[in-house]
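All remarks here apply to the structure that follows.
These numbers were taken from a predicted model, which means no experiment stands behind them. Just so it is clear, the values below take in all heavy atoms, side chains as well, and ignore hydrogens, waters and symmetry mates.
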Amino acid sequence: MLEERFRVNLLEGADPRTPADLRRALRGSAAVLGMLSDPFTREVIESAPELKVIATYAVGYNNIDIACCRERGIRVCNTPDVLTEATAELAFALLLAVSRRIVEGDRFTREGRFTGWQPGLMLGVELWGKTCGVIGLGRIGAAFARRARASGMDVVYANRSESPHAAAVQARRVPLEELLRTADVVSIHTPLNAESAGLLSRERLALLKADAILVNTARGQVVDEAALVELLRARRIFGAGLDVFEREPELSPGLVDLPNVVLAPHAGSATRETRAKMGELCAQAIIDVLEGREPRNAVV
């Protein structure tokens, strides 16, 4: 789509990219299609005076200095909607994997330790009739809640304000602390910003029920990962399913050794269909801006 209209330079070999990499790559560029790991800092943005649009291959845009873009009249576009169902699917897959100890059981069986049916072997927890707490009932949170309802769970949610999706998924809004104390499943779907960074602190994680399951497919910085490791190691909660990490791709010490956590490599939107649609959205946003039209998915 882009090569049909513009001269395209592909930056290869540098991953993750540094601000210096981006400054070099953006020289003379009117547009950039970037990844969520690309640091579009003020320094990077100001080094590209011809830049008109940043299309980020993600929903989140915490890696972009939005204030700087607004000052300079640079459009920022993301990829909402198209990855909603894929991310909700992965979050629910993590929940099922943790609750029924799928990964642990797979390893146990492959290692030849399965010697026959036993009544106490690989006991998990049922989801039917339990309470699901959703932190951030936006599009993805609502899609996850819909799956929870279909599995026989009651849904509560914590939001800064009433969610427009609440009625459709029959979800009741409660304070965050109440959600953490009462939910059997807690799934995080809040964007990363100044308010949500560190939201699940050591003190708040300590509120979780002893048999609770925590799922995070949002951003790793929302959770105190070291404190979570301590909870999991002490079996203070049943388990966790994580697709994102606090210092991604680095993992907190001890996390990989825990059998009661399932780890995924930030694969929430990793389906063939969704990734293709994300690319098309980014390309179309660039085309629209450079050809003088209002982009569909503009953040600023």
About how many Å separate OG of S161 and CG of L137, when rounded to the nearest 0.5 Å? 10.5 Å
Pair R147 + E85, salt bridge at N-O below 4.0 Å: yes
Is the backbone of L199 close enough, under 3.5 Å, to the side chain of R204 for a donor and an acceptor to pair up by distance? yes
What are the two closest heavy atoms between L11 and A25, and how far apart are they? CD2-CB, 3.9 Å
With a sphere of 6.0 Å drawn around CD of E3, does it hold more than 12 non-hydrogen atoms of other residues, nucleotides or ligands? no
When rounded to the nearest 0.5 angstrom, what is the spacing between CZ in R72 and CZ in R42? 8.5 Å
Consider only side-chain N and O atoms of R149 and Q170, and report whether a donor and an acceptor are under 3.5 Å apart. yes
D224 side-chain N/O to S201 backbone N/O, donor-acceptor pair under 3.5 Å: no
Single-linkage hydrophobic cluster I74~L33, side-chain heavy atoms < 4.5 angstrom: no
Under 3.5 Å donor-acceptor, T271 side chain and T274 backbone: yes
With a 3.5 Å distance limit and no angle check, can you tell me whether R233 reaches the backbone of L258 through a side-chain donor-acceptor pair? no
Verify, without hydrogens or angle tests, whether R101 (side chain) and L123 (backbone) share a donor-acceptor contact under 3.5 angstrom. yes
Apply side-chain contact (heavy atoms from CB on, under 4.5 Å) to residues R75 and E294 and explain how you reach the verdict. CA-CA 10 Å; R75 306 306 301 270; E294 180 65 20; 2.9 Å; yes
Could you check whether any side-chain N or O of D243 sits under 3.5 Å from a backbone N or O of A267, counting only pairs where one atom can act as donor and the other as acceptor? yes
Check whether S151 reaches the backbone of W128 with its side chain - one donor and one acceptor, N or O, closer than 3.5 Å. no
Non-hydrogen atoms of S187 and A91 that approach each other most closely: OG-CB, 4.4 Å
Close side-chain approach of L96 to I102, heavy-atom, < 4.5 Å: no
Flag the pair L127 / F92 as yes when at least one side-chain heavy-atom distance between them is below 4.5 Å, and no otherwise. yes
Hey, is the main chain of A145 close enough, under 3.5 Å, to the side chain of Y157 for a donor-acceptor pair? no
Kindly indicate whether the side chain of I135, heavy atoms from C-beta on, has any atom under 4.5 Å from the side chain of V222. no
In one Ile/Leu/Val/Met/Phe/Trp/Tyr side-chain cluster, 4.5 Å: Y57, V299: no
Do R247 and S252 pair up side chain to side chain, a donor and an acceptor below 3.5 Å, judged on atom types alone? yes
Closest non-hydrogen atoms of E246 and A226, given as atom of the first, atom of the second and distance, are OE1-N, 4.3 Å
Determine whether V76 and F40 make a side-chain contact, defined as any pair of heavy atoms from C-beta on separated by less than 4.5 Å. no
Sub-4.5 Å side-chain heavy-atom contact between L2 and I287: yes
Answer with yes or no whether the side chains of D21 and T18 bring together a donor and an acceptor at under 3.5 Å. yes
Over all atoms of both residues, closest heavy-atom pair of C69 and I54: SG-CD1, 3.9 Å
Check: N216 side chain, R219 main-chain N or O, donor-acceptor pair, under 3.5 Å: yes
Verify salt bridge (charged side-chain N to carboxylate O under 4.0 Å, His left out) between E178 and R173, making sure each step is shown before the conclusion. CA-CA 10 Å; E178 180 182 337; R173 185 179 173 216; over 6 Å; no
Going by atom types only, do R17 and S37 share a side-chain donor-acceptor pair under 3.5 Å? no
About how many Å separate CE of M35 and CG of N63, when rounded to the nearest 0.5 Å? 10.5 Å
Are L251 and L242 joined in one hydrophobic group, where the rule is that I, L, V, M, F, W and Y side chains link up if heavy atoms are under 4.5 Å apart? yes
Around R202, counting heavy atoms of other residues, nucleotides and ligands shown, do more than 12 lie under 6.0 Å from its CZ? yes
Looking only at heavy atoms, what is the nearest atom pair of A143 and A88, with distance? CB-CB, 3.5 Å
Does Q284 form a side-chain contact (heavy atoms from CB on, under 4.5 Å) with R296? I'd like the steps, not just the answer. CA-CA 8 Å; Q284 190 60 54; R296 171 183 162 192; over 6 Å; no
Given L83 and M278, is the side-chain contact (heavy atoms from CB on, under 4.5 Å) satisfied, shown in steps? CA-CA 8 Å; L83 51 71; M278 290 169 67; 3.9 Å; yes
Flag if over 12 foreign heavy atoms under 6.0 Å of CD, E195: no
More than 12 heavy atoms of other residues, nucleotides or ligands under 6.0 Å from CZ of R7: is that the case? no
What about F238 and V261, same hydrophobic cluster or not, with Ile/Leu/Val/Met/Phe/Trp/Tyr joined at side-chain heavy-atom distances under 4.5 Å? no
Check for a donor-acceptor pair, side chain of N193 on one end and backbone N or O of S196 on the other, with a separation under 3.5 Å. yes
Nearest heavy atoms of A86 and S269, plus distance in Å: CB-CA, 4.2 Å
For the pair H189 and T217, evaluate side-chain contact (heavy atoms from CB on, under 4.5 Å) and give the outcome as yes or no after the intermediate values. CA-CA 7 Å; H189 299 282; T217 54; 3.6 Å; yes
Is it the case that over 12 heavy atoms from other parts of the model lie below 6.0 angstrom from the CZ atom of R100? no
With a 4.5 Å cut-off on side-chain heavy-atom distances among I, L, V, M, F, W and Y, is there a chain of contacts connecting F245 to L214? yes
Within this structure, what is the OG1-CD1 distance for the pair T41 and I64, rounded to the nearest 0.5 Å? 11.0 Å
Quick one: OG1 on T79 to CD on E280, what's the gap to the nearest 0.5 Å? 12.0 Å
Any side-chain heavy-atom pair of E225 and E250 under 4.5 Å: no
Do L205 and L228 have side chains that get closer than 4.5 Å, going by heavy atoms? yes
Hey, does P191 have a side-chain heavy atom less than 4.5 Å from the side chain of N62? no
Got a second to check how far L207's CG is from L179's CG, nearest 0.5 Å? 10.5 Å
